[in-house]
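Here the structure is a predicted model, which is why all the values come from computation and not from measurement. Count residues from 1 along the sequence. Just so you know, these numbers use all the heavy atoms, side chains as well, and skip hydrogens, waters and symmetry mates.
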Amino acid sequence: ELNDYWVWVSMDKPTSDARQLGVPCLNPACGNGAFPTLMQKVVTNVNVASSIGMLNFSGRTGNIEFWPYNYLTNNALGILDASSTTYDFGDQCDSPNGSYGSMQVHVHGGSGYTGTIFAFNFFNGGGVADLGISNKSSGNPDWTLSFNANVWNNRKLRVYVAH
């Protein structure tokens, strides 16, 4: 939730380890207990409800990019229509380098909207984080390098995990 804008996302579970579904920090306790979270994978049955009209659909294919490290624009998963020159819905983790951080959910494939559902980036660096719902209209669609968290008075992220 960012001020009056909100988004709700569900998907088939990307992991059976609930510890890996929160904001990925550099401490191994935020991951599986031995290593920090690093999840970059295609996810299925993505369902989205939002205050933004184009972000309301169900049963789509998407991908998640969860890691505490820096990342590159390379389309690591080979996602159709993802760029290798801008930060978008097909990036590549630069593990174990840096601490920029990415917690992004995207949708692609099928008809309709393609791209970022929500993005929370630059959360380990101690500066102003990147926050966004839907694609950013200019620059990097996944909000990387936006440093805009301070423009939102209301910033809420909740993660729910079913058994």
Exercise: do S84 and N75 side chains pair donor with acceptor under 3.5 Å: no
Same apolar cluster (I L V M F W Y, side chains within < 4.5 Å links), M39/V107: yes
Side-chain donor or acceptor of N140 paired with backbone N/O of D142 under 3.5 Å: no
Donor-acceptor pair, side chain of N121 and main chain of S102, under 3.5 angstrom: no
Test item: R19 side-chain N/O and N32 main-chain N/O as donor-acceptor pair under 3.5 Å: yes
Backbone N/O of S111 and side chain of R60: donor-acceptor pair under 3.5 Å: yes
Non-hydrogen side-chain atoms of Y100 and Y71 separated by less than 4.5 Å: yes
Short side-chain to backbone donor-acceptor contact, Q20 and T15, under 3.5 Å: no
Side chain to side chain, V42 and T61, heavy atoms closer than 4.5 Å: yes
Minimum side-chain heavy-atom gap T86-P141 below 4.5 Å: yes
Main-chain N/O of W152 paired with N3 side-chain donor or acceptor, under 3.5 Å: no
K41 side chain to P14 backbone, donor-acceptor under 3.5 Å: yes
Joint hydrophobic cluster, F147 plus V151, side-chain heavy atoms closer than 4.5 Å: no
Under 3.5 Å: donor-acceptor pair, side chain of D81, backbone of I79: no
Closest heavy-atom pair and its distance - P24, N124: O-ND2, 3.5 Å
Sub-4.5 Å side-chain heavy-atom contact between T116 and D88: no
Check: N74 side chain, G90 main-chain N or O, donor-acceptor pair, under 3.5 Å: no
V128 vs N148, side-chain contact (heavy atoms from CB on, under 4.5 Å): CA-CA, chis, key distance, verdict: CA-CA 7 Å; V128 178; N148 66 333; 5.9 Å; no
Cluster overlap V23 with F122, hydrophobic side-chain contacts below 4.5 Å: no
Exceeds 12 heavy-atom contacts within 6.0 angstrom, atom CZ of F57: yes
For the student: nearest non-hydrogen atoms of S99 and N70, plus distance: N-OD1, 3.2 Å
Any side-chain heavy-atom pair of V105 and F66 under 4.5 Å: yes
Over 12 non-hydrogen atoms of neighbours within 6.0 angstrom of CG in D4: no
Check: Q40 and I64 side chains under 4.5 Å, non-hydrogen atoms: no
Short side-chain to backbone donor-acceptor contact, N56 and S50, under 3.5 Å: yes
Within-4.5 Å side-chain heavy-atom neighbours: M54 and S134: yes
Heavy-atom side-chain contact between P36 and C30 under 4.5 Å: no
Evaluation steps, side-chain contact (heavy atoms from CB on, under 4.5 Å), between I117 and Q104: CA-CA 8 Å; I117 303 297; Q104 302 174 7; over 6 Å; no
